[in-house]
There are 2 protein chains.
Amino acid sequence: MQNQSTSNNTDPVSITLTDRLFDTLQRAIVEGEIAPGSKISEPELARQHGVSRGSLREAIGRLEARKLVERKPNIGARVVTLSYEQLIEIFQIREALEGMAARLAAQNMSDQEIEELQVLLEEHGQQIEEQQGQAYFQKQGDLDFHYRIVQGSKNHHLIGLLCDDLYHLLRMYRYQFGMRSRRSRQAYDEHHYLLNAIVARDPEMAELLMRQHIRSSRRNVERMLLEN
Amino acid sequence: MQNQSTSNNTDPVSITLTDRLFDTLQRAIVEGEIAPGSKISEPELARQHGVSRGSLREAIGRLEARKLVERKPNIGARVVTLSYEQLIEIFQIREALEGMAARLAAQNMSDQEIEELQVLLEEHGQQIEEQQGQAYFQKQGDLDFHYRIVQGSKNHHLIGLLCDDLYHLLRMYRYQFGMRSRRSRQAYDEHHYLLNAIVARDPEMAELLMRQHIRSSRRNVERMLLEN
DNA sequence: TCAGCCTAATATGTCGACAATTTATGTATT
DNA sequence: AATACATAAATTGTCGACATATTAGGCTGA
């Protein structure tokens, strides 16, 4: 469904060099290949990727807009450093935004979309039964579920904010802090309650349950980080 | 308080050319000097402002990140076209985000900040008494109030999202649609209720009242636009 | 007259080079 | 030896030019 590389262009080759660079660098930063807090040297990176500094600078500009790097005039760009405080900030924003997304999804998702989401959730349930402990599939499942809710809001601006901007920052935290989730069963249940509210077309309840879900996810992360 | 041109740099001249260009273009777009939907010609704009296309392109990239222009590869950039639907989307996002900001402000604002906000609100009250109908001051007052609440959340990411990204888009709508507010008295009252909740350090109530405030502001805009 | 193609003109994408600023290096002075 | 200053090296900011893609205009043929 969300394959086909982001664009419905007629000519698939028309993707610009800056675009590819941006994707590559974003992945490298999110996955920690370029360490958090490290300086980004324009001459070096340009040489490594075989592109001119001009194209590279445009890519860095986009990374800056997504808060993946910070730039200071005449000094240069650095990969952001992750902090506990900023992670909390992100969770607060997610709570507000995804809560609204759930509210809107309860109003705007088509019946078919809801059915497909029920099917997806059943698959997650089976995966949890069969292979308990497969953290990867659980995380991926969690992301899939949230992704569909956000799409279901039909609010394009909101979708962009969540899926383009916040999503990658969050992924970066998962990689860096090794945020494995040990509460897949509970998360699965919470997804179920939320979906029930959407089936019932109850926006108020959907928002409430989504916010509770994200709050409990945040508490889980807090506990995990305090363990070290 | 928010003067001094965004930066606490040691050297005020160190602001880059791209920065100035960005500010200039953003203002021109927001105030309608460059019409919505119009094409942005790189050679023409570069010549007008006496800069190279490279610097201009970096500025355009930032405008794109703020959703003020839309870009298509090999085609060019256009100023966004405003629509009723998108305005509704923005109000939904504001409701979620500013609601959260109010919640956090009730927890995190200092006593002094709250006192200053009370003083500000009293001034607004007097202005409404004295010169009723001065739509400009009322709008400015509304912005000031919301601005301080957002700052009071102490969530830097949230502050950036609201004050850097959404704010200018909203201003653009105000200019384009001529959104004068005819409910200054009611807005003033709603601000008062909200402030009371913050004084009482009641996050739940603060969020609720902020969301109601934004919803009623949205309804007002809807009514106004339907009149044509 | 209109549709379709071919060519010219213009616009965007990318590059390498120069200018200005910051950082590193080395020297001198106390 | 440590600090301060001066100089050199490297990095970022800005520019003009070339490569490539799109648009405009004219020509041909039905």
Side-chain angles (χ1 to χ4, degrees), chain A residues 5-26 28-29 34-35 37-80, chain B residues 5-26 28-29 34-35 37-80:
Chain A
S5 92
T6 65
S7 155
N8 54 357
N9 235 335
T10 50
D11 186 3
V13 196
S14 78
I15 295 170
T16 186
L17 177 55
T18 300
D19 286 331
R20 280 198 302 269
L21 243 184
F22 170 68
D23 286 340
T24 302
L25 292 178
Q26 176 170 254
I29 290 176
I34 305 178
S38 63
K39 184 161 190 330
I40 292 183
S41 165
E42 293 183 4
E44 186 180 335
L45 259 191
R47 188 178 45 74
Q48 282 180 5
H49 293 267
V51 300
S52 82
R53 273 183 54 228
S55 304
L56 174 63
R57 281 172 63 85
E58 293 202 17
I60 294 177
R62 285 200 228 171
L63 293 171
E64 185 187 18
R66 292 201 175 176
K67 316 275 189 202
L68 292 174
V69 310
E70 289 172 353
R71 217 178 204 172
K72 291 182 182 176
N74 289 315
I75 303 277
R78 310 190 79 92
V79 178
V80 291
Chain B
S5 93
T6 65
S7 155
N8 53 358
N9 236 335
T10 51
D11 187 3
V13 196
S14 77
I15 295 169
T16 186
L17 177 54
T18 300
D19 287 331
R20 279 198 301 270
L21 243 184
F22 169 69
D23 286 339
T24 302
L25 292 179
Q26 175 170 254
I29 290 175
I34 305 178
S38 63
K39 183 162 190 331
I40 291 182
S41 165
E42 293 183 3
E44 187 181 335
L45 260 191
R47 190 179 44 74
Q48 283 181 4
H49 293 268
V51 300
S52 81
R53 274 184 54 228
S55 303
L56 175 63
R57 281 171 64 86
E58 294 202 16
I60 293 178
R62 286 200 228 171
L63 293 171
E64 185 187 19
R66 291 200 176 177
K67 317 274 189 203
L68 292 174
V69 310
E70 288 172 352
R71 216 178 205 173
K72 290 182 183 176
N74 289 316
I75 303 277
R78 307 191 82 92
V79 179
V80 291

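Chain A is the first sequence line, chain B the second, and so forth, proteins listed ahead of strands; every chain is numbered from 1.
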Q: Answer yes when A:E42 and A:R53 have at least one side-chain N-carboxylate O distance shorter than 4.0 Å, and no when they do not.
A: yes
Q: Mark yes or no for whether B:T24, through its side chain, and B:R20, through its backbone, hold a donor-acceptor pair below 3.5 Å.
A: yes
Q) Does some side-chain heavy atom of A:V79 sit less than 4.5 Å from a side-chain heavy atom of A:L68? A) no
Q) Considering the options B:R71, B:Q26, B:E70, which one meets the side-chain contact (heavy atoms from CB on, under 4.5 Å) requirement together with B:L63? A) B:Q26
(Q) Treating primed atoms plus P, OP1 and OP2 as sugar-phosphate and everything else as base, which nucleotides of nucleotides 7-21 of chain D get B, S or - for protein heavy atoms under 4.0 Å? (A) ----SBBBB-B---S
**Q.** Electrostatic pair B:D23-B:R62, nearest N-O below 4.0 angstrom
**A.** no
Q) In whole angstrom, what separates A:H49's NE2 from C:dT14's C1'? A) 17 Å
